[in-house]
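In what follows, every chain begins at residue 1, and chains take the letters A, B, ... in the order their sequences are listed.
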Number of protein chains: 2
Amino acid sequence: MFEVLFAHIEGKIHLTDQEKERIKPLFISRKLRRRQYLLQAEEICTHLTFVTKGLLRSYNVDDKGNEHINQFAWEGWWISDFYSFLTQEKAIFNIDAIEETEVLMISLQNYEELTVQVPAMDRYFRILYQNSLVTKDRRLMSSTTHTAEEKYLQFAKRYAQILQRIPQHLIASYLGLAPETISRIRRKWVSKEAI
Amino acid sequence: MFEVLFAHIEGKIHLTDQEKERIKPLFISRKLRRRQYLLQAEEICTHLTFVTKGLLRSYNVDDKGNEHINQFAWEGWWISDFYSFLTQEKAIFNIDAIEETEVLMISLQNYEELTVQVPAMDRYFRILYQNSLVTKDRRLMSSTTHTAEEKYLQFAKRYAQILQRIPQHLIASYLGLAPETISRIRRKWVSKEAI
DNA sequence: GCCGTCTCTTGATTTCAGACAAGAAAAAAC
DNA sequence: GTTTTTTCTTGTCTGAAATCAAGAGACGGC
């Protein structure tokens, strides 16, 4: 479990063995079955979650009952309702498992403790969030600038290896498209590639 | 100039006078006229910019020549092409001044130096980026979940005091709407409020 | 191995907001 | 204070993608 987390952290900063031992007890581990909730809207998001195995999604449900996927998280990704976690107010996102999943979780208190005990973790999260911001900026730009087709093709290209693991209607939901639209885009490209 | 920056930093962490003196020389200050560019697409984004007075926007231009505003930044906000800044590759965003503006700017080298000289700045940026992520998540959710009307009303409510400072067609561009759509939404509400 | 649920496809129809056009009002420049 | 530019409004038409509908295929659970 922790190998995946430490590998991720050490991709950004250096950790001593001593620091690793200080980090471990601040996390709890958990397994999730397919379709199992990690968080439901209206609850408080008590933990920040790091995926060591499997695949999760976060999504919100609008007034009409439609689901809108906000994020996928597989091995090496963090996920949470960040607003709810930081403020300890009610969550607006649901998080559940698309596959059997294993996670490491840290509470708000331990998250604060973590950066006190291991100050370099402030830097780790600073760098992690920096990169997330770049990704979100790009995604936001894509959502207003690109057509349905461009959005799907960009996603398919960027996340090629994860593509088979996620049902198409969930990708549609992530991109803000109807599942039928994705189906039509794919048909078009299958026939093009056959030429 | 620096009062605005230090006030912002001290909203998140504590700074000693000594630390402030170490921070100052890492920044340069600059004034911008209305419509003046701070960054153009295809250039390298060399500095992270903090606005002490005035109003900036970042935007990208699509294949058809349409502008899409990515962010507004007024007093107390940071702005940049973050991807370009971090990687020193070509920028995709333009940044220019909507009003006469005064800024403080820090180069990538000094940004790295800053967190070495004043480690608490890792924490400041970690918290700053944390909050930005929450905002971007909400905005992303709004862009797929809400109708044109909901998007505008939410923006108008949230940024009520800044609303008069930004021309409507720029708000439209920020929200991914046509200016005419905003005009129609406002007409509807003006007549409703008159009842 | 069979049943039920989940996932994907295809066609027909509708709709929301975008594009285009043109003029009015307001602000900035000179 | 007049001209020029910018900003906002209103009307009409169009289009990309959503919605509605229905069936086929794949997968998972028992």
Participant: Any idea which of D:dA18, D:dG11, D:dT7 is nearest the A:Leu177 side chain?
Facilitator: D:dA18

Participant: Without decimals, in angstroms, what is the distance between B:Tyr152 OH and D:dC8 C1'?
Facilitator: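 About 12 Å, once rounded to whole Å.
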
Participant: Quick check on D:dT9: is either OP1 or OP2 less than 4.0 Å from any side-chain nitrogen or oxygen of B:Arg184?
Facilitator: no

Participant: Please tell me whether A:Gln154 and A:Glu150 have a donor and an acceptor in their side chains that are separated by less than 3.5 angstrom.
Facilitator: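 No, no side-chain donor-acceptor contact under 3.5 Å.
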
Participant: Within the structure shown, what part of the strands sits under 4.0 Å from A:Thr181 by heavy-atom distance: base, sugar-phosphate, or nothing?
Facilitator: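 The residue A:Thr181 makes sugar-phosphate contact but no base contact.
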
Participant: When you measure from the centre of the six-membered ring of A:Phe6, is the NZ or CZ of A:Lys20 closer than 6.0 Å and no more than 45° off the axis?
Facilitator: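 Flagged: A:Lys20 positioned over aromatic ring of A:Phe6.
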
Participant: Rounded to the nearest Å, what distance is computed from the CD atom of residue A:Glu99 to the C1' atom of nucleotide D:dC27?
Facilitator: 14 Å

Participant: Reading DNA chain D from 5' onward, which residue's closest nucleotide shows up sooner: B:Glu180 or B:Arg34?
Facilitator: B:Arg34

Participant: Reading DNA chain C 5' to 3', which nucleotide is the first, and which the last, to come under 4.0 Å of any heavy atom in chain B?
Facilitator: C:dA17 to C:dA21

Participant: What is the distance, to the nearest angstrom, from the NE2 atom on A:His169 to the P atom on D:dA18?
Facilitator: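 About 15 Å, once rounded to whole Å.
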
Participant: Hey, can you tell me if A:Phe27 and A:Phe2 have their rings parallel, tilted or perpendicular (30° and 60° cut-offs)?
Facilitator: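 Geometry flag for A:Phe2 against A:Phe27: perpendicular rings.
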
Participant: Rounded to whole angstroms, how far apart are CD on A:Glu150 and C1' on D:dA16?
Facilitator: 13 Å

Participant: Is the shortest side-chain heavy-atom distance between B:Ile166 and B:Tyr159 below 4.5 Å?
Facilitator: no

Participant: Please confirm whether B:Arg139 makes a cation-pi placement over B:Tyr174, using NZ or CZ under 6.0 Å from the six-membered ring centre and within 45° of the ring normal.
Facilitator: yes

Participant: Could you tell me if the side chain of A:Leu15 sits less than 4.5 Å from the side chain of A:Ile23, heavy atoms only?
Facilitator: yes

Participant: Please determine if a side-chain N or O atom of B:Gln168 lies less than 4.0 Å away from the OP1 or OP2 oxygen of D:dT9.
Facilitator: yes

Participant: Below 4.5 Å, heavy atoms only, C-beta onward: do A:Ile171 and A:Ile182 meet side chain to side chain?
Facilitator: yes

Participant: Measure CD1/B:Ile185 against P/D:dC8 and give the value in whole Å, please.
Facilitator: 14 Å

Participant: Find the distance B:Glu67:CD to D:dT7:P and express it as a whole number of Å.
Facilitator: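 The answer, rounded to whole Å, is 11 Å.
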
Participant: Could you tell me how far apart A:Glu149 (CD) and D:dA17 (P) are, to the nearest whole angstrom?
Facilitator: 8 Å

Participant: Can you tell me the distance, in whole Å, between the CD atom of A:Glu100 and the P atom of D:dC27?
Facilitator: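 Nearest whole value for this atom pair: 18 Å.
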
